[in-house]
Amino acid sequence: MTKKKFYVTTAIDYPNAEPHIGHAYQKIVADVLARWHKLIGDDVWFLTGTDEHGKKIQEAAEKVGKTPKQFVDELSVKFKEAWKSLNIEPDRFIRTTDKDHEKLVQEVIKKCYENGDIYKGEYEGCYCTGCEAYYTEKDLVDGECPYHPGKKIQKLKEESYFFKLSKYQKFLLDLYKKNPEFVLPKERRNEIVNRVKEGLKDLSISRTSFNWGIPFPLDKKHIVYVWFDALFNYVSGAGKNQEYWPANVQLLGKDNLWFHAVYWPAFLKSAGYELPKTIFVHGFLTCNGQKISKSLGNVISPKYLSGKYGADAVRYFMCRQFPFSEGSDGDFSEKALIDRYNNELADKLGNLVSRVAALAEKYRIEKCENKLLKKLKLKEIEKHFENYELDKSLNEIFAFIDVCNEYVQNKKPWETHDAKVLYELVESIREIARLLSPFIPESAEKILKQFSAKKIIKGEILFKKIETK
RNA sequence: AGCGGGGUGGAGCAGUCUGGAGUGCUCGUCGGGCCCAUAACCCGAAGGUCGUGUGGUUCAAAUCCCACCCCCGCUACCA
């Protein structure tokens, strides 16, 4: 029997600043999904990376006196390290400056051109003579350049290559209709359907105003527009020979919805690739009720958190606290993390493991039919994973942990020394550890090791309580 | 403005799609039990007119429909 393929991608991050918990959240979820699918025996490929071209990178690099390449070389390492500190283990960390990716993008442009979807035209934008750069309406403050207020913004025209996005309106609407799971959750799909119905403009996909990008294969004066470049990372990074494409699920934040739900399928269709099964849009994290932003000074680095609380605690918190599948926003706070750590990981899970290990060390255990384990709602947990409801699957697992604690209480094995009761508990804990392994890989492995040994002994405390005061 | 999300005991959330006694979870408060365990675990109690309309549909509404109020996000060539 051939294994079922499971390919998960995350958005690739734009490394013009250091990684924060918002980036981390998405990567954690992707890693949990990847680990879960490995656990149930799928052939898994997990891709993440950095999006390294574009004007903003070029500018950010110039500001600190580095070449764009030096700049992204250094920052992409910070992203890699952050993920490593959280035990996030992608099968490939792709960078859009990777040679194989650049080659693929150029080939794709040619394919789209051959299919008649690319033509030369004129791009009109708001040009600031002070910056010598284009801005979008949104960048402008009261119709003026944020850096050169008072200076005139000119409407300038520039030669550019366009992608015939307008041609794909019907194709996209059909796609959303026939494949309701293409954009999840459904609220987001409705949003897109409404906006696409309003009509689509052709898209400028080349630039001449700066040069940090992939050379446009049809015209040496141009470079490829960053989104065209960035999106195809999912194909270039899909295994050694792109054998994992199409993706089963592509995770992204709601800021990237339009690009992934509209441009992406149109580009793929034009270039003759299959479409991903699902693009899954999650919400944003706020931090103590505020937007995460540099200017507010509330940017928390993933490495700081994993260093202070451990990778497992952060992973657990992120998955349990926020209803991922709803696509809604969630609020991050260290206090909430500590509360959940103390109450759930230390008191419920840690204490259960610890008390049962102590009992199993003192008294003997005897294999028997496990009535306790029947109370574990395994089917529902699997169902929740299928639906990306990580918080709900954790709820079910922890409900069973409560059942186990209750069982210890009621059966009083410290009095009865009942070997069968202890067996039921030991086996149940092994199952709990197995199910938790995608979320808290380090701790789960420790538990499994401890409870699979010939002689179970009470080990180190798994989750030491965090004193607050 | 348009579109989307939210308003549920003291706090934070599920529950709403597929209507059925205000059900549940974490924390907090109060009382009890246990002594295996990380001062952990278990049981019980108090506390809510489920944003407003004393609106509509229904035998029955937190759940469906309508109106209004209050929060928050998104609005495309910017990553």
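Protein chains get the first letters and strands the later ones, always in sequence-line order, with residue 1 at the start of each.
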[X] [atom1] to [N] [atom2], straight-line distance once rounded to whole Å:
{"X": "A:Ile429", "N": "B:A37", "atom1": "CD1", "atom2": "C1'", "value": "11 Å"}
{"X": "A:Phe451", "N": "B:A37", "atom1": "CZ", "atom2": "C1'", "value": "11 Å"}
{"X": "A:Asp391", "N": "B:G24", "atom1": "CG", "atom2": "C1'", "value": "14 Å"}
{"X": "A:Glu344", "N": "B:C41", "atom1": "CD", "atom2": "C1'", "value": "15 Å"}
{"X": "A:Lys412", "N": "B:C43", "atom1": "NZ", "atom2": "C1'", "value": "11 Å"}
{"X": "A:Leu165", "N": "B:A76", "atom1": "CG", "atom2": "P", "value": "15 Å"}
{"X": "A:Leu257", "N": "B:G73", "atom1": "CG", "atom2": "P", "value": "18 Å"}
{"X": "A:Asp202", "N": "B:C77", "atom1": "CG", "atom2": "P", "value": "14 Å"}

Counting only Watson-Crick pairs (N1-N3 plus N6-O4 or O6-N4) and G-U wobbles (N1-O2, O6-N3), all under 3.5 Å, who is the partner of [N]?
{"N": "B:U23", "answer": "B:A14"}
{"N": "B:C50", "answer": "none"}
{"N": "B:A39", "answer": "none"}
{"N": "B:G73", "answer": "B:C3"}
{"N": "B:G9", "answer": "none"}
{"N": "B:U63", "answer": "none"}
{"N": "B:C34", "answer": "none"}

Below 4.0 Å: OP1/OP2 of [N] and any side-chain N or O of [X]:
{"X": "A:Lys392", "N": "B:G15", "value": "yes"}
{"X": "A:Lys458", "N": "B:U38", "value": "yes"}
{"X": "A:Lys465", "N": "B:A40", "value": "yes"}
{"X": "A:Asn343", "N": "B:U26", "value": "no"}

Does either side chain, that of [X] or that of [Y], offer a donor lying less than 3.5 Å from an acceptor on the other one?
{"X": "A:Tyr14", "Y": "A:Glu52", "value": "no"}
{"X": "A:Tyr234", "Y": "A:His260", "value": "yes"}
{"X": "A:Asp117", "Y": "A:Ser270", "value": "yes"}

Once you apply a heavy-atom cut-off of 4.0 Å, does [X] come out as touching a base, just sugar-phosphate, or nothing?
{"X": "A:Tyr225", "answer": "sugar-phosphate"}
{"X": "A:Asn405", "answer": "sugar-phosphate"}
{"X": "A:Glu415", "answer": "sugar-phosphate"}
{"X": "A:Ala358", "answer": "sugar-phosphate"}
{"X": "A:Val353", "answer": "nothing"}

Using the [atom1] atoms only, state how far [M] lies from [N], rounded to an integer number of Å.
{"N": "B:A67", "M": "B:G5", "atom1": "P", "value": "15 Å"}
{"N": "B:U49", "M": "B:G44", "atom1": "P", "value": "24 Å"}
{"N": "B:G24", "M": "B:G48", "atom1": "P", "value": "15 Å"}
{"N": "B:C36", "M": "B:G31", "atom1": "P", "value": "25 Å"}
{"N": "B:A21", "M": "B:A61", "atom1": "C1'", "value": "13 Å"}
{"N": "B:C35", "M": "B:C43", "atom1": "C1'", "value": "15 Å"}
{"N": "B:U26", "M": "B:G20", "atom1": "C1'", "value": "28 Å"}
{"N": "B:G51", "M": "B:C71", "atom1": "C1'", "value": "11 Å"}

Counting N and O atoms only, with roles assigned by atom type, does the side chain of A:Ser443 sit under 3.5 Å from a partner on the main chain of A:Ile440, one being a donor and the other an acceptor? no

As a test of reading the structure: which of [options] is closest to the side chain of [X], going by heavy atoms?
{"X": "A:Phe463", "options": "B:C34, B:U38, B:A37", "result": "B:U38"}
{"X": "A:Asn351", "options": "B:C36, B:C42, B:A37", "result": "B:A37"}
{"X": "A:Leu203", "options": "B:C36, B:U38, B:C77", "result": "B:C77"}
{"X": "A:Arg320", "options": "B:C36, B:C25, B:U38", "result": "B:C25"}
{"X": "A:Ile461", "options": "B:U38, B:C77, B:C36", "result": "B:U38"}
{"X": "A:Tyr263", "options": "B:U38, B:U26, B:A76", "result": "B:A76"}

Output yes when A:Glu389 and A:Lys383 qualify as a salt bridge under the 4.0 Å nitrogen-oxygen rule, no when they do not. no

Checking A:Asn233, A:Thr96, A:Asp229 against A:His101 for side-chain hydrogen bond (donor to acceptor under 3.5 Å, both in side chains), the one that qualifies is A:Asp229

Would A:Tyr341 and A:Phe317 count as a close aromatic pair, with their ring centres under 6.0 Å? no

By nearest heavy atom, map A:Asp51 and A:Asp339 onto RNA chain B; which one lands nearer the 5' end?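 Final value for this comparison: A:Asp339.
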
With sequence neighbours left out, write down each residue that passes side-chain hydrogen bond (donor to acceptor under 3.5 Å, both in side chains) with A:Asp418, or none if nothing qualifies.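 With neighbours one apart ignored, the set is empty.
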
